[in-house]
Amino acid sequence: MNKFITFEGVDGAGKSTHLAWFADALRQRGGEVIVTREPGGTPLGEQLREMLLNQPMSIGTEALLMFAARLEHVEQVIKPALAAGKWVISDRFSDASFAYQGGGRGMDWEKLRQLEQWVHADLQPDLTLFFDVPVEVARLRLANNVSLDRFEQEQDAFFERVRAGYHRRVAENPQRYAVIDAAQTLAAVQQQLVAIIESI
Ligand code: TMP
């Protein structure tokens, strides 16, 4: 059976590299796989992404735009693909709003829950791979980037709160998550991914 799988982690955790590898591994098993991302995933969502990553805005606006992009994404892309029997792998989903807007920016958790209920009450990922890494390791990896967006420019304390936000989400619903020790080498992380692929 096809599934909806999301990848999460602080900036610099390495999830995007692993996502491409994971999608290929699933395809080799014969599944039809679509890879998408948030914020983004639709033409409107990509325009919202551009604003979200570059333009200063209030916390509430940031959260609402994340969920507005998500609503388009859920309705236009994720649900139709799942209904057509495809695997959907999304680079981030609502856990990122809880971690970044809730944990990082301090937005009320209950308000975010209401938005989540509004936008996708009937849909949750079947599995979320959370790439967990100490903030100092993530920071070193980000140092290779030529330019940093509005989130990546935040201080370490912000990313500590984001990481704590992710841990809170995992604690609330542990059976949905595979927590991956992303501080390990690429090969060691891939070993963990192989075991996950074999289990789904
Ligand atoms: P990316 O760099 O992994 O593509 O993600 C873009 C940034 O957007 C990343 O710094 C996390 C942030 N983000 C949020 O703050 N809230 C959200 O709901 C999502 C999906 C992403």
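The shown structure was predicted, so the numbers you read here are calculated from the model rather than taken from an experiment. Both ligands and their constituent atoms are indexed starting at 1 by order of listing.
Residue, atom and distance of the protein heavy atom nearest to atom 15 (O) of ligand 1 are Gln101 NE2, 2.9 Å. Among all protein heavy atoms, the one lying closest to atom 18 (O) of ligand 1 is Ser97 OG, 2.5 Å. With hydrogens left out, the protein atom closest to atom 3 (O) of ligand 1 is Arg92 NE, 2.7 Å, a heavy atom. Atom 17 (C) of ligand 1 has as its closest protein heavy atom Met66 SD, 3.3 Å. At the top of the distance list for atom 4 (O) of ligand 1, counting protein heavy atoms only, stands Arg49 NH2, 2.8 Å. Among all protein heavy atoms, the one lying closest to atom 20 (C) of ligand 1 is Arg70 NH2, 3.5 Å.
Using a 4.0 Å cut-off between heavy atoms, Glu38 contacts ligand 1 through both its backbone and its side chain. If you look at Ser94 next to ligand 1, there are no close heavy atoms at all, none under 4.0 Å. If you look at Glu62 next to ligand 1, there are no close heavy atoms at all, none under 4.0 Å. With a 4.0 Å heavy-atom cut-off, ligand 1 is reached by the side chain of Leu53 but not by its N, CA, C or O. With a 4.0 Å cut-off on non-hydrogen atoms, Arg37 does not touch ligand 1 at all.
Salt bridge Arg139/Asp11: absent, no basic N to carboxylate O contact under 4.0 Å. Between Arg105 and Glu62 there is a salt bridge, since at least one side-chain N of the basic residue sits less than 4.0 Å from a carboxylate O of the acidic one.
At under 3.5 Å, not a single nitrogen or oxygen of Asp149, backbone or side chain, sits near a nitrogen or oxygen of ligand 1. An N or O contact shorter than 3.5 Å links Lys15 to ligand 1 by distance.
Inter-residue side-chain proximity for Lys15 and Thr6 is flagged as unmet; no heavy-atom pair is nearer than 4.5 Å. Counting heavy atoms from C-beta on, the side chains of Asp91 and Thr36 never come closer than 4.5 Å. Contact of the Asp149 side chain with the Leu52 side chain is not registered, since no non-hydrogen atoms from C-beta on lie closer than 4.5 Å. In this structure, Glu172 and Trp109 have side chains that are in contact, with non-hydrogen atoms separated by less than 4.5 Å. In this structure, the side chains of His73 and Arg37 stay at 4.5 Å or more apart for every pair of heavy atoms.
Aromatic pair Tyr166/Phe98: centroids not less than 6.0 angstrom apart. Ring centroid separation for the pair Tyr177 and Phe130 does not come in under the 6.0 Å cut-off.
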Inset, instruction - Mind running side chain to side chain contact (heavy atoms under 4.5 Å, CB included) on Thr17 and Leu186 for me, showing each step along the way? - result: CA-CA 9 Å; Thr17 311; Leu186 201 72; 4.2 Å; yes

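The distance from ligand 1 to the heavy atoms of Pro39 drops below 4.0 Å at these ligand atoms: 8 (O), 19 (C), 20 (C), 21 (C). Each of the atoms 2 (O), 9 (C), 10 (O) of ligand 1 lies under 4.0 Å from some heavy atom of Asp11.
The shell of residues lying under 4.0 angstrom from ligand 1, judged by heavy atoms, excludes Arg150.
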